[in-house]
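Notes for the one structure printed next.
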Amino acid sequence: ADLEYQYNLIHGFKTGIEVIKHSIKKDQLSNPWIINIDRYATYLDGCEPADSMFNSIDSTFVPLYNLDDLYDATIAASGSTDGYEADPWQFAYYFQDKMEFEGMNVNAGVRFDFWYLGEKYKTIKNNSEVWQDFDEDERFQMMISPRLGISHPISEKSVLHFAYNYQNQLPQMQYVFTTSSPEDAILNSGNVIVGTPDLEPQITVTYEVGLNKQLSENYVMDITTYYKNIYNYVSLKEVIDPDDETISWYEYTSEDYGSARGIDINLSKMLSNFISGSTSYSLAWASGNNSGVTINESLREFPLPWDMRHSYNLNLTFKVQKDEEFFVPFTDYLVPTVITDDFSTNFSYSVQSGTPYTPLNSDGTAMDTNSELKPSTSTASLKFTKKFYFGDKASFRVYCTIDNL
């Protein structure tokens with residue numbers, strides 16, 4: 001729910017609340033052709049035998065079950081089941097004030113995020129249900145995210161804008177809810193990953209400053225530079241059993257960090273003479289001390305997998321609006337309105353430099369992390385749109401899109 005209220009000519013308030021109830025279920029089956037005899041017998045113990053047969057050797061009656069029960073017992077005892085069920089809650093509340101003063105606009109706001117994991121969640125192993133309890137200090141988290149934006153005209157055709165954003169992002173739930181527990185490491189030391197309920201939220205602090213300038217009646221240019229610090233990336237750490245140093249497992253932890261900085265330049269043309277469009281160029285750097293959710297003990301920063309140094313985009317639209325005449329350029333020939341009336345075509349093109357990857361030596365071992373670049377990529381597309389009218393109240397639109405032109 002959102003509520004917006006214009007208090008006066010200066011203050012415009014906006015507030016809202018969000019409630020999300022999650023229902024998470026994971027059910028994974030491996031090795032389905034292997035039958036566990038103990039689980040097979042346990043399932044049949046809960047079924048009513050259809051008949052029995054006397055065993056003269058040990059003078060006992062052997063229960064006989066119908067085919068449906070035997071089939072269900074086989075399914076229940078087959079393979080290895082790995083899964084869990086959880087029902088966490090998320091809440092959010094925000095408040096924003098948009099202030100329009102003479103010569104300056106200010107957007108100031110704050111967002112509160114709440115996370116409630118519940119008291120426990122259910123894990124399923126080999127068709128056996130086990131409840132994992134959360135400690136009281138792990139069940140609830142609250143995050144505060146302030147943000148501020150200022151735009152200030154410095155001339156009739158130029159506006160300077162600044163933004164500060166402190167954003168909290170909840171960790172992914174796959175790092176909180178897992179089937180494995182430290183007890184599993186006794187049989188499978190070193191290959192067990194255990195979820196961490198009290199992971200810190202990922203924090204992104206963004207500083208941004210830019211200049212928006214009207215070059216002419218139809219052209220506007222915007223130059224923006226930004227810097228982002230990102231904390232509490234999720235990685236893995238090894239935990240040694242304090243009672244037995246030969247037993248260990250892995251837990252998720254919020255320790256890694258990264259940063260991004262760059263500059264964006266955009267030139268836009270408003271619709272005039274049937275043409276509108278924009279062109280933009282971005283120069284960016286993204287680095288950190290870990291490239292994924294892996295074990296990491298390095299403090300050295302290197303390019304992250306999404307580090308794309310150069311990016312260029314072009315978007316052009318040709319549009320003839322309803323009841324507008326169009327002459328072939330440099331001639332007096334009027335194109336029939338049945339063709340051009342409410343007709344448009346759009347062309348888009350983008351090219352990006354390659355992203356980093358980790359090369360391998362001839363023996364298969366990894367070289368320096370993300371020390372090489374993939375090839376650059378480019379895409380182009382074209383779209384035609386035509387609208388047909390039938391009276392004042394009926395119309396339909398046809399279009400043709402060509403991807404990867």
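On a predicted model such as this, the values are computed, not experimentally measured, just so you know. When reading the values below, keep in mind they use all heavy atoms of this one structure, side chains included, and skip hydrogens, waters and symmetry mates.
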Are I144 and R111 packed together at the side-chain level, in the sense that at least one heavy-atom pair is separated by less than 4.5 angstrom? no
Side-chain donor-acceptor contact under 3.5 Å, T377 with Q352: yes
When rounded to the nearest 0.5 angstrom, what distance separates NZ in K228 from CH2 in W285? 15.0 Å
Do the ring centers of F326 and F318 come within less than 6.0 Å of each other? yes
Residues which pass side chain to side chain donor-acceptor pair (under 3.5 Å) with K213, listed by chain and number, not counting sequence neighbours: S158
If you draw the axis of the six-membered ring of Y399, does the NZ or CZ of K383 fall within 45° of it and under 6.0 Å from the ring centre? yes
Any side-chain donor near an acceptor of the partner, S376 and S353, under 3.5 Å: no
Salt-bridge criterion met for K319 and D342 (N-O under 4.0 Å): yes
Just checking, any donor-acceptor pair under 3.5 angstrom between side chains of S350 and T379? yes
Would you indicate whether the side-chain heavy atoms of Q90 and D113 approach each other to under 4.5 Å? no
List the residues meeting side chain to side chain donor-acceptor pair (under 3.5 Å) with T317, not counting sequence neighbours, and say none if there are none. N346
Identify the heavy atoms of P356 and P305 that sit nearest to each other, and give their distance. CD-O, 3.7 Å
Is E85 salt-bridged to K122, cutoff N-O under 4.0 Å? yes
Distance alone, cut at 3.5 Å: any donor-acceptor contact between the side chains of S235 and E255? no
Heavy-atom side-chain proximity of E100 to N105 below 4.5 angstrom: yes
Check: F112 ring centroid to Y94 ring centroid under 6.0 Å: no
Are any side-chain N or O atoms of Q214 and backbone N or O atoms of S216, one a donor and one an acceptor, separated by less than 3.5 Å? yes
Does T123 reach the main-chain N or O of T179 with its side chain, forming a donor-acceptor pair under 3.5 Å? no
Does anything in residues 346-390 form a ring-ring contact (aromatic ring centres under 6.0 Å, His included)? List the pairs, not counting sequence neighbours. F388-F396, F390-F396
Parallel, tilted or perpendicular: which fits the ring planes of F13 and Y5, with parallel below 30° and perpendicular above 60°? parallel
Between T42 and R39, is there a donor-acceptor pair closer than 3.5 Å when you use the side chain of the first and the backbone of the second? no
Kindly indicate, with the supporting measurements, whether the criterion side-chain hydrogen bond (donor to acceptor under 3.5 Å, both in side chains) is fulfilled by E251 and T196. CA-CA 6 Å; E251 291 183 0; T196 308; 4.6 Å; no
Give a yes or no on this: more than 12 heavy atoms of other residues, nucleotides or ligands lie within 6.0 Å of atom OH of Y93. yes
Quick check: does any side chain N or O of S180 sit under 3.5 Å from a backbone N or O of V192, one acting as donor and the other as acceptor? no
Using a strict threshold of under 4.0 Å (side-chain N to carboxylate O), is an ion pair present between D27 and K25? no
What one should report as the nearest heavy-atom pair of G210 and L160 is O-CD1, 3.2 Å
Check the angle between the aromatic planes of H310 and Y281 and answer parallel, tilted or perpendicular using the 30° and 60° thresholds. parallel
Test item: T358 side-chain N/O and T369 main-chain N/O as donor-acceptor pair under 3.5 Å: no
Are the aromatic ring centres of Y121 and F177 under 6.0 angstrom apart? yes
Qualifying side-chain hydrogen bond (donor to acceptor under 3.5 Å, both in side chains) pairs with a residue from residues 265-279, counting only residues at least two apart or across chains: N218-S272, N266-S268, K269-S272, T279-Y312
So, the side chain of N370 versus the backbone of P303: is there a donor-acceptor pair under 3.5 Å, distance only? yes
Is the number of heavy atoms from other residues, nucleotides or ligands under 6.0 Å of F140 CZ greater than 12? yes
For the side chain of Q6 and the backbone of H11, is there at least one donor-acceptor N/O pair under 3.5 Å apart? yes
Give a yes-or-no answer on whether the side chains of T206 and Y166 include a donor-acceptor pair shorter than 3.5 Å. no
Walk me through whether T204 and Y231 qualify under side-chain hydrogen bond (donor to acceptor under 3.5 Å, both in side chains). CA-CA 7 Å; T204 303; Y231 306 97; over 6 Å; no
On a heavy-atom basis, which atom in A366 and which in N361 lie closest, and how many Å separate them? O-ND2, 4.0 Å
Does the side chain of S282 pick up a donor-acceptor pair with the side chain of D264 at under 3.5 Å? yes
May I ask you to test the V209-Y227 pair for a side-chain heavy-atom distance under 4.5 Å? no
Closest non-hydrogen atom pair between G288 and L304, with its separation: N-CG, 3.6 Å
Does the pair S145 and N168 meet the rule for a side-chain hydrogen bond (donor to acceptor under 3.5 Å, both in side chains), with working shown? CA-CA 6 Å; S145 303; N168 287 276; 3.1 Å; yes
Tell me if a side-chain donor or acceptor on R261 pairs with a main-chain N or O of Y226 at a distance below 3.5 Å. no
Does I20, at its CD1 atom, have more than 12 non-hydrogen atoms belonging to other residues, nucleotides or ligands within less than 6.0 Å? yes
Under 3.5 Å, is there a donor-acceptor pair between the H161 and D222 side chains? yes
For the residue pair K26 and I24, establish whether any side-chain heavy-atom pair is separated by less than 4.5 Å. no
Check whether more than 12 heavy atoms from other residues, nucleotides or ligands sit under 6.0 Å from atom CG of L360, and answer yes or no. yes
Using every non-hydrogen atom in the two residues, find where T74 and L70 come nearest and quote the distance to one decimal. OG1-O, 2.8 Å
Taking only residues two or more places apart in sequence or in another chain, which ones pass side chain to side chain donor-acceptor pair (under 3.5 Å) with N55? D58
Counting C-beta onward and ignoring hydrogens, is there a side-chain heavy-atom pair between F114 and Q141 closer than 4.5 Å? no
So, the side chain of T331 versus the backbone of Y333: is there a donor-acceptor pair under 3.5 Å, distance only? yes
Report yes or no: does N232 contribute a side-chain atom to a donor-acceptor pair with the main-chain N or O of P201 at less than 3.5 Å? yes
Report, as yes or no, whether the 6.0 Å neighbourhood of atom CG on D392 holds more than 12 heavy atoms from other residues, nucleotides or ligands. no
Heavy-atom check, side chain of D368 versus side chain of F302, under 4.5 Å: no
Do N165 and V205 have side chains that approach each other closer than 4.5 Å (heavy atoms only, starting at C-beta)? no
What ring-ring contact (aromatic ring centres under 6.0 Å, His included) pairs are there with at least one residue in residues 14-40, not counting sequence neighbours? none
Taking only Lys NZ, Arg NE, NH1 and NH2, and the carboxylate oxygens of Asp or Glu, determine whether K21 and D87 approach each other closer than 4.0 Å. yes
Closest non-hydrogen atom pair between S248 and I240, with its separation: CB-CD1, 3.7 Å
